[in-house]
Amino acid sequence: MATLSIILDKRRAKKDGSYPLKIRISHNQKAHLYSLGISILPKYWDISKFQIKKYKNHKLLNAKINKQFTWVEQKLLDLERINPVYTIQDIKNIFKPQKVEKEETFDIVKYGYKLIEQQNQSGRYGNANTYNKALERLKKFNSSKLKFENITYQFLCDWEATMRKEGLKVNSVGAYMRSIRAIYNQAIKSNIVDAKHYPFTNYKIKSEKTAQRTLSKSQIQQIEQLTFPKESAIEKAKNIFLLSFYLRGINFRDLIMLTTDNIHGDRIIYKRQKTHKIYSVKMALKTLNIIDQYKEHNKPFLLPIISNKYKDDKKLQYTSAKEMIKNYNKRYYHEIGKLIGEPKMTTYYARYSWANIARKLGYSKDLIAEALGHEYGNRVTGIYLDNYDLEV
């Protein structure tokens with residue numbers, strides 16, 4: 001979180017000898033000054049109490065300072081919630097917004113693209129990609145300029161009906177709707193649109209349990225026992241799948257972007273790409289055996305998937321990881337799945353299977369949610385879990 005303080009900016013005095021009061025916003029050893037629109041002589045500024053001493057209208061001025069300080073603080077809290085890895089430039093963008101044409105400001109698609117640009121600059125490529133897909137789908141439904149006020153309850157119902165008619169599943173429709181809702185929420189916070197127009201108060205985004213995408217404990221053991229030619233691509237695919245399972249259902253993108261810096265003794269400590277939370281997972285013997293097999297092949301990465309020439313380019317790492325997952329699903333995991341009776345097996349099966357096997361072993365849903373990186377009580381976890389019989 002950035003730190004705030006009120007200062008008398010003495011870099012340039014006004015004709016009467018007064019100086020402007022400003023809020024200094026410090027973040028990662030950089031600072032931005034936000035003007036309070038008040039100038040006073042130095043003798044009237046109490047540096048220890050951050051307020052104006054007894055002076056004409058000093059109570060009114062101090063009240064104005066406190067109100068603006070609280071407003072700035074709230075803006076920063078909103079920014080931190082939306083973008084936990086914000087930079088000083090993101091802070092400047094809040095208080096010094098770029099000038100745009102009025103009609104462009106209220107165009108949800110153009111505004112959405114501005115958010116995508118910010119997400120990319122902050123390294124949140126997954127969010128940016130999700131927003132972009134939703135906007136492209138929205139443009140397909142309505143290619144004309146859409147003001148935020150045009151996104152009504154009825155508009156959303158019509159859009160949902162069209163997507164369902166096109167064959168999209170309930171959860172796919174929900175994913176697009178959540179992205180548009182996130183863009184709308186940000187527009188409200190940025191005073192682009194009045195909250196009274198918010199359509200998601202009445203419109204509820206639907207979700208449903210997905211078809212079971214899990215393996216049993218015995219199927220995981222079958223994968224362990226499969227033998228492929230040494231150092232072949234399919235053997236590597238098998239080992240990476242097992243690593244994802246062994247490391248508490250770690251997301252594949254997080255897994256293949258791990259480096260030697262993530263190893264701390266007998267644990268792997270990493271930051272989740274999607275949520276930026278820190279996780280620490282103990283490495284069992286099976287985990288160590290696989291990591292030892294590959295960790296010297298592609299330093300600094302633990303696994304020989306992403307080229308080490310991308311080590312300093314997060315964008316290319318993200319793109320490379322995305323292509324790898326798509327390729328491995330089509331070429332290798334379907335093939336491995338056929339051998340154990342799950343021909344549609346994909347990378348997701350490692351994560352989902354870990355959750356279900358942990359649940360059947362008696363671990364609580366909240367504990368599994370924490371391990372997967374979900375918030376406590378998050379219903380996404382419920383979608384991962386199938387229905388259990390009474391043997392648990």
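Below, all heavy atoms of this structure are taken into account, side chains as well, without hydrogens, waters or symmetry copies. In this chain, residues are counted from 1 in sequence order.
- K206 has its side chain out of reach of V173: every pair of non-hydrogen atoms, C-beta onward, lies at least 4.5 Å apart.
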Show every donor-acceptor pair shorter than 3.5 Å between a side-chain atom in residues 198-205 and any protein atom, with sequence neighbours excluded, or say none if there are none.
residue, atom, partner, partner atom, Å
Y198, OH, N185, OD1, 3.1
Y203, OH, E160, OE1, 2.7
K204, NZ, T201, O, 2.9

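- The backbone N or O of R24 sits nowhere less than 3.5 Å from a side-chain atom of H32 that would complete a donor-acceptor pair.
- By the 4.5 Å heavy-atom criterion applied to side chains, Y294 and L302 are not counted as neighbours.
- Partners of H197 under the side chain to side chain contact (heavy atoms under 4.5 Å, CB included) rule, at least two apart in sequence or in another chain, are E149, Y184, V193, D194.
- A salt bridge does not link K326 to E323: none of the charged nitrogens lies less than 4.0 Å from a carboxylate oxygen.
- For the pair Q219 and E342, the minimum side-chain heavy-atom distance is below 4.5 Å.
- With rounding to the nearest 0.5 Å, the separation of CG in N150 from CD1 in I108 is 9.5 Å.
- Side-chain atoms of D90 come within 3.5 Å of backbone atoms of T87 as a donor-acceptor pair (strictly under, hydrogens ignored).
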Do L258 and L303 pass the side chain to side chain contact (heavy atoms under 4.5 Å, CB included) test, and can you show the C-alpha distance, the side-chain angles, and the key distance before you say yes or no? CA-CA 8 Å; L258 292 176; L303 300 171; over 6 Å; no

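- Side-chain contact between I23 and I25 is present, with at least one heavy-atom pair separated by less than 4.5 Å.
- For the atom pair OG of S172 and CE of M177, the computed distance is 12.0 Å after rounding to the nearest 0.5 Å.
- At a threshold of 4.0 Å, the pair R272-D254 counts as salt-bridged, since one of the basic side-chain nitrogens sits closer than that to a carboxylate oxygen.
- Proximity of a side-chain donor or acceptor of S232 to a complementary backbone N or O of F228 within less than 3.5 Å is not detected.
- Residues P300 and N308 approach most closely at CD-CB, 4.1 Å, considering heavy atoms.
- Residues forming a side chain to side chain contact (heavy atoms under 4.5 Å, CB included) with I47 (at least two apart in sequence, or on another chain): W45.
- Of all heavy-atom pairs spanning K236 and P304, the tightest one is NZ-O, 3.2 Å.
- In this structure, T130 contributes its side chain and G126 its backbone to a donor-acceptor pair below 3.5 Å.
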For a side chain to side chain contact (heavy atoms under 4.5 Å, CB included) check, start with the C-alpha distance between Y86 and E80, then their side-chain angles and the critical distance, and finish with the verdict. CA-CA 7 Å; Y86 63 88; E80 184 175 21; 3.8 Å; yes

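- Under 3.5 Å, the side chains of N289 and Q293 contain no donor-acceptor pair of N or O atoms.
- For S280 and R267, the side-chain atoms include at least one donor-acceptor pair closer than 3.5 Å.
- In terms of heavy atoms, L36 sits closest to Q68 at O-NE2, 3.1 Å.
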Run the numbers on Q186 and S190 for side chain to side chain donor-acceptor pair (under 3.5 Å), then give the verdict. CA-CA 6 Å; Q186 181 58 39; S190 300; 3.1 Å; yes

Between E136 and K139, does the salt bridge (charged side-chain N to carboxylate O under 4.0 Å, His left out) criterion hold? Intermediate values first, please. CA-CA 5 Å; E136 291 301 310; K139 284 163 57 180; 3.2 Å; yes

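- Atom CZ of R248 sits about 10.0 Å away from atom CZ of R351, to the nearest 0.5 Å.
- Panel note: side chain S307, backbone K309; a donor-acceptor pair is recorded below 3.5 Å.
- No donor-acceptor distance shorter than 3.5 angstrom exists from the side chain of N171 to the backbone of S207, with no hydrogens or angles considered.
- Side-chain contact between T347 and I240 is absent, with no heavy-atom pair separated by less than 4.5 Å.
- With hydrogens and angles disregarded, a donor-acceptor distance shorter than 3.5 Å links the side chain of Y333 to the backbone of A237.
- With T319 contributing its side chain and K315 its backbone, the two residues share a donor-acceptor pair below 3.5 Å.
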Might you work through the side chain to side chain contact (heavy atoms under 4.5 Å, CB included) test for I52 and N57, ending with a clear yes or no? CA-CA 10 Å; I52 299 172; N57 296 327; over 6 Å; no

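- Annotation: the span from L242 atom CG to Y246 atom OH amounts to 4.5 Å, rounded to 0.5 Å.
- For the residue pair K14 and S39, a side-chain donor N or O sits within less than 3.5 Å of a side-chain acceptor on the partner.
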Is there a side chain to side chain contact (heavy atoms under 4.5 Å, CB included) between I357 and F245 once you walk through the steps? CA-CA 10 Å; I357 292 172; F245 179 83; 3.8 Å; yes

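- Using a 3.5 Å distance cut-off with no hydrogens or angles, the side chains of T70 and Q74 do not pair a donor with an acceptor.
- Salt bridge absent: D46 and K53 never bring a charged side-chain N and a carboxylate O closer than 4.0 Å.
- Distance check: I223 CD1 to Y349 OH gives 11.0 Å after rounding to the nearest 0.5 Å.
- Taking A134 as the reference, Y176, S179, I180 meet the side chain to side chain contact (heavy atoms under 4.5 Å, CB included) condition, with sequence neighbours excluded.
- Salt bridge present: K282 and D266 bring a charged side-chain N and a carboxylate O closer than 4.0 Å.
- Judged by distance alone, with hydrogens and angles left aside, the side-chain atoms of N356 form a donor-acceptor pair with the main-chain N or O of Y352 at under 3.5 Å.
- Using modelled atom types, one finds no donor on one side chain facing an acceptor on the other under 3.5 Å when comparing S364 with D366.
- A salt bridge is absent between E335 and K238: the closest approach of a Lys/Arg side-chain nitrogen to an acidic carboxylate oxygen does not fall below 4.0 angstrom.
- The two residues E235 and P229 come nearest to each other via the heavy atoms CB-O, 3.7 Å.
- Here the CG atom belonging to N120 is positioned 9.0 Å from the OH atom belonging to Y318, to the nearest 0.5 angstrom.
- Within the 6.0 Å centre-distance limit, the rings of F148 and Y111 are counted as a close aromatic pair.
- Considering only residues two or more places apart in sequence or on other chains, Y332 meets the ring-ring contact (aromatic ring centres under 6.0 Å, His included) condition with Y328.
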Can you check salt bridge (charged side-chain N to carboxylate O under 4.0 Å, His left out) on E166 and R137, steps first, answer last? CA-CA 12 Å; E166 291 171 352; R137 176 64 65 170; 2.8 Å; yes

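- For the residue pair N93 / Q89, a side-chain donor-acceptor distance below 3.5 Å is found, with atom types taken as modelled.
- At distances below 3.5 Å, at least one donor-acceptor pair connects side-chain atoms of N62 with backbone N or O atoms of H58.
- Contact annotation: the side chain of I250 never approaches that of Y279 to less than 4.5 Å [non-hydrogen atoms, C-beta and beyond].
- Taking Ile, Leu, Val, Met, Phe, Trp and Tyr as members and joining any whose side-chain heavy atoms lie under 4.5 Å apart, directly or through other members, the hydrophobic cluster of I269 also contains I278.
- Taking both residues in full, the closest heavy atoms of N298 and I305 are given as ND2-N, 4.0 Å, listed atom of the first, atom of the second, then distance.
- Considering only heavy atoms from C-beta on, I6 comes within 4.5 Å of F69 through its side chain.
- Nearest heavy atom pair, residue I368 against residue W354, reads CG2-CZ3, 4.0 Å.
- The shortest side-chain heavy-atom distance between I256 and M324 falls under the 4.5 Å cut-off.
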